[in-house]
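Worksheet: one structure, shown below.
What you see below is based on every heavy atom in this structure, not just the backbone, and it leaves out hydrogens, waters and symmetry mates. Just so it is clear: chains get the letters A, B, ... in the order the sequence lines come, proteins before strands, and each one is counted from 1.
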Amino acid sequence: MRMAKLFGRTVREVPADAEFPSHQLMVRAAMIRPLGAGIYTLMPLGYRVVKKVEAIIHEEMDRIGGQELLMPFVHTADVWKETERYYQIGPEMARFEDRAGRDMVLAMTHEEVVADLLRTDVNSYKQLPQIVYHLQTKWRDEPRARGGLIRVREFTMKDSYSLDVDEAGLEESYEAHAEAYDRIFTRFGLDYIKVGADVGMMGGSKSEEYMAFSPHGEDVILICPNGDYAANREVAIYQQFPASDAEMLPLEEVETPNASTIQGVADYLDVPLEQTAKAVFFMAGEQFIFLVIRGDLEVNETKLRNALQVSDLVPATTEQIAAIGAVAGYASPIGVHDATVVVDESVAKARNLVAGANKEGFHVRNSNVGRDYEADLIADVAAAAAGHLCPVCGEPMVTRRAIEVGNIFKLGTRYTEKLGATYLDQNGKAQPVVMGSYGIGVGRSAATAVEQYHDDKGIKWPISIAPFHASLLSIGKDEDVIATTDALYAQLGAAGVEVLYDDRNERPGVKFNDADLIGNPIRLSISRKTLDAGEVELKLRSDDNSINVPLDGIAGHVRELVDGMLAELQPVG
RNA sequence: CGGGGCGUAGCGCAGUCCGGCAGCGCGCAGCGUUCGGGACGCUGAGGUCGGAGGUUCAAAUCCUCUCGCCCCGACCA
């Protein structure tokens, strides 16, 4: 590609609304352009990256026997009504009516459509197992789209669906995907980890996420330094604190004026946070949830939802808190009514905690579960934090932020049962197809690579997904230089090297800076000086130094360099 | 959904408090000089000031409504 003809210009100014490096750099490098919040055009340079991401995904999906198809982006609402997600999913699903007044939705995912296909096209165990996949647009109306391609509303996702006769088959399909995903993300060059994730309460039996490390990630992962455990904070467990064997002391009311926060109480009474019990209030529909947790811990709402088997959980209002007899700021379960009391294990294992007295300005010392109040449910609902002990080996865990670039999920028969997607087994008996679903964010993977590979000058693409292998710059207006660069451009192309040729009539500084910004891994520059020496300057984007190499045989040399760089990203085995 | 901020030329911004010719930098076009890390000079094109309504002799500026975009929050009472 000749840059003089390239559609899209690089820009010097950082866009005012771009926060993340990937967002800023991809806009500046003319790879993406926003149309609206969370909606982007992929410009020619950006689309080349996405095409490479997709090509790698194709190769690896085909490798495990996946068959590509293409399911529609616009769905009739019928199938979504059959699985009831039409009613369960909120405003993030776009709904509209066609001209005849039929309910329609824009695809957020394709489980329903796959299950629908099964009804007509799979009726026998002989037709299973199968893996189907596609790369298709999704629309999810996120409450807060932000961060360029990392969190968008319209995006392309690779989603695949495994179809098996039983759990054992699903296990095989799941593992095949796990292997394919490892190969895919390795080939992207991403620094990532596979972690345990929330399976949700709806039938899924196992789910894992592929998390790429980034300080701008929206997820927090707990990691055991020994490699024994890694999980999303949404579900991360930790080795529980040892149970206290202290004597239960008599309950004692103490005045705590103006100490309405747990930290304030601990400071005022001069006790550590671990010796306090704090109250957190939720409404699960009409049910009041009174949660008690150790003062130093935070609630993990996902764990709480799972423990309670509810999907709808919102913070209670001040009025609702007062209605059960609790006093906000000075609350404890002692003496409250009409509330489901959930006690975190941290509190159940502790003794003699400071808690609220349900009286403005007062707390109690030495509260104990079972003696002073009863728990309706004792469960682990605390968010794991850095320093908490690995549930496997007991080593203190660390936390890291990460971006979810893929997930694999054992769905089971949830969708196939609801939609009646059954096959006949060897005994002629109808059985629901056992499904798995597996996603990869295409644009997000590309943007995540930028998050991981950039400096203050621009992007440093891994060669596997770089828009071009090399940038070729002609330096100066010397006609010999231009003629030589033109010739080299042709030679490189013939050698199978993808080249972005900066043939613009620009000053050297402009060309160097744009080459750095766009971030192709190899840079070749020819000037009067190098030409006189019969050489080309060769510089890697990942390296600060450049070397001059002979013009003679340069195309073959670069080709070898490209192959070598690609080989480094090949998964082992 | 709650709170805050911002919409002025392709991009980044000033002007708004205190109403009175719509500006600056980058980019863009032309000419000249320059040419290995975002050059310089001169000339020029480009904006119904997000939109609608109102107040006024006069509105980017004041008032009302509306649309869009961004940030924080939406567990610790």
Side-chain angles (χ1 to χ4, degrees), chain A residues 8-20 23-24 27-28 30 33-39 90-92 143-148 151 153 233-234 259-266 273 276-283 289-305 313-322 324 326-332 342 344 356 358 360 381-383 385 456-458 473-478 481-482 502 504-517 523-531 536-537 539 544 546 548:
Chain A
R9 314 177 39 81
T10 60
V11 292
R12 294 186 191 183
E13 307 270 7
V14 175
D17 56 4
E19 289 252 308
F20 298 170
H23 188 185
Q24 297 176 354
V27 170
R28 286 190 52 215
R33 292 287 180 251
L35 179 64
I39 309 175
E92 62 265 34
R144 278 185 68 194
R146 61 173 181 184
R151 191 166 188 78
R153 296 195 292 171
R233 187 164 66 181
E234 285 188 346
S260 63
T261 65
I262 200 70
Q263 187 67 53
V265 174
L273 277 177
T276 64
K278 80 178 160 190
V280 188
F281 315 106
F282 297 96
M283 295 302 294
I289 306 298
F290 195 124
L291 175 65
V292 192
I293 189 167
R294 225 171 67 174
D296 61 316
L297 299 175
E298 293 187 7
V299 180
N300 179 326
E301 277 191 45
T302 305
K303 279 189 182 179
L304 180 58
R305 272 191 184 101
L313 197 67
V314 293
T317 64
T318 312
E319 295 76 45
Q320 287 165 331
I321 294 166
I324 58 136
V327 178
Y330 302 91
S332 76
V342 179
D344 183 66
N358 288 322
E360 184 79 27
V381 294
D456 55 354
K457 302 288 271 181
L473 319 188
S474 60
I475 303 300
K477 294 205 299 187
D478 188 293
V481 168
I482 289 169
D502 196 343
R504 298 174 302 173
N505 183 15
E506 288 287 355
R507 295 169 61 81
V510 173
K511 294 191 179 189
F512 288 134
N513 279 302
D514 274 347
D516 287 344
L517 177 60
R523 190 185 79 190
L524 300 166
S525 318
I526 305 178
S527 65
R528 183 75 247 175
K529 195 175 64 187
T530 67
L531 185 56
V536 182
E537 183 203 71
K539 181 181 172 302
D544 285 338
S546 64
N548 288 338

Please report the distance separating the [atom1] of [N] from the corresponding atom of [M], rounded so that it comes out in whole Å.
N	M	atom1	result
B/G25	B/A45	P	15 Å
B/G7	B/G50	P	8 Å
B/C18	B/C62	P	9 Å
B/U48	B/U8	P	12 Å
B/C13	B/C71	P	14 Å
B/G5	B/A58	P	31 Å
B/G47	B/A22	P	14 Å
B/C65	B/C70	C1'	22 Å

Using a 4.0 Å heavy-atom cut-off across all strands, classify [X] as base, sugar-phosphate, or nothing.
X	value
A/Val14	sugar-phosphate
A/Val11	nothing
A/Arg523	base
A/Arg28	base
A/Ala316	base
A/Asp516	base
A/Thr276	nothing
A/Lys303	nothing
A/Phe281	base
A/Ile321	base

Could you state the atom-to-atom distance from [atom1] of [X] to [atom2] of [N] in whole Å?
X	N	atom1	atom2	result
A/Glu92	B/C1	CD	C1'	14 Å
A/Gln24	B/C70	CD	C1'	13 Å
A/Lys529	B/C35	NZ	P	14 Å
A/Leu524	B/G36	CG	P	19 Å
A/Arg507	B/A39	CZ	P	5 Å

In the structure shown, which nucleotide is the Watson-Crick or G-U wobble counterpart of [N], with both distances under 3.5 Å?
N	answer
B/C35	none
B/C65	B/G51
B/C42	B/G30
B/A60	none
B/A74	none
B/C11	B/G25

Nearest 0.5 Å please: distance from the [atom1] atom of [X] over to the [atom2] atom of [Y].
X	Y	atom1	atom2	result
A/Arg233	A/Lys303	CZ	NZ	11.0 Å
A/Lys511	A/Asn505	NZ	CG	7.5 Å
A/Asp514	A/Glu506	CG	CD	8.0 Å
A/Ile482	A/Ile526	CD1	CD1	11.0 Å

Chi angles and distances behind the side-chain contact (heavy atoms from CB on, under 4.5 Å) call for A/Ile262, A/Leu273:
CA-CA 8 Å; A/Ile262 200 70; A/Leu273 277 177; 4.2 Å; yes

Taking the side chain of [X] as heavy atoms from C-beta outward, which of [options] is closest to it?
X	options	result
A/Thr10	B/C75, B/A77, B/G38	B/G38
A/Ala16	B/A39, B/G12, B/C35	B/G12
A/Phe512	B/C70, B/C35, B/G36	B/G36
A/Asn513	B/G36, B/G38, B/A77	B/G38
A/Pro508	B/C35, B/C70, B/A77	B/C35
A/Asp514	B/G36, B/G38, B/U34	B/G38

Contacts of A/Ile475 and A/Gly38 projected onto RNA chain B by closest heavy atom; the upstream (5') one is A/Ile475

More 5' along RNA chain B: A/Gly509 or A/Gly36, using each one's nearest nucleotide?
A/Gly509

Which pair of heavy atoms, one from A/Glu537 and one from A/Ser546, lies closest together, and at what distance?
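Closest approach of A/Glu537 to A/Ser546: OE2-OG, 3.5 Å.
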
Any sub-3.5 Å donor-acceptor pair from A/Arg28's side-chain atoms to A/Val11's backbone N or O?
yes

Does any N or O in the side chain of A/Arg153 come within less than 3.5 Å of the main-chain N or O of A/Ala37, such that one atom is a donor and the other an acceptor?
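Present.
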
Any N/O donor-acceptor pair, A/Glu13 side-chain to B/C26 base, under 3.5 Å
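Counting by modelled atom types and ignoring angles, no donor-acceptor contact under 3.5 Å is found here.
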
Polar side-chain contact A/Arg504-B/G38 base: donor and acceptor under 3.5 Å
no

Scan A/Val299, A/Ile293, A/Leu291, A/Val292 and name whichever one has a side-chain contact (heavy atoms from CB on, under 4.5 Å) with A/Val342.
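Filter result, single survivor: A/Leu291.
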
Could you go step by step and tell me if A/Lys457 and A/Asn513 meet the side-chain contact (heavy atoms from CB on, under 4.5 Å) rule?
CA-CA 7 Å; A/Lys457 302 288 271 181; A/Asn513 279 302; 2.8 Å; yes

Just by protein heavy atoms under 4.0 Å, how would nucleotides 27-32 of chain B read 5' to 3' in B, S and -?
SS----

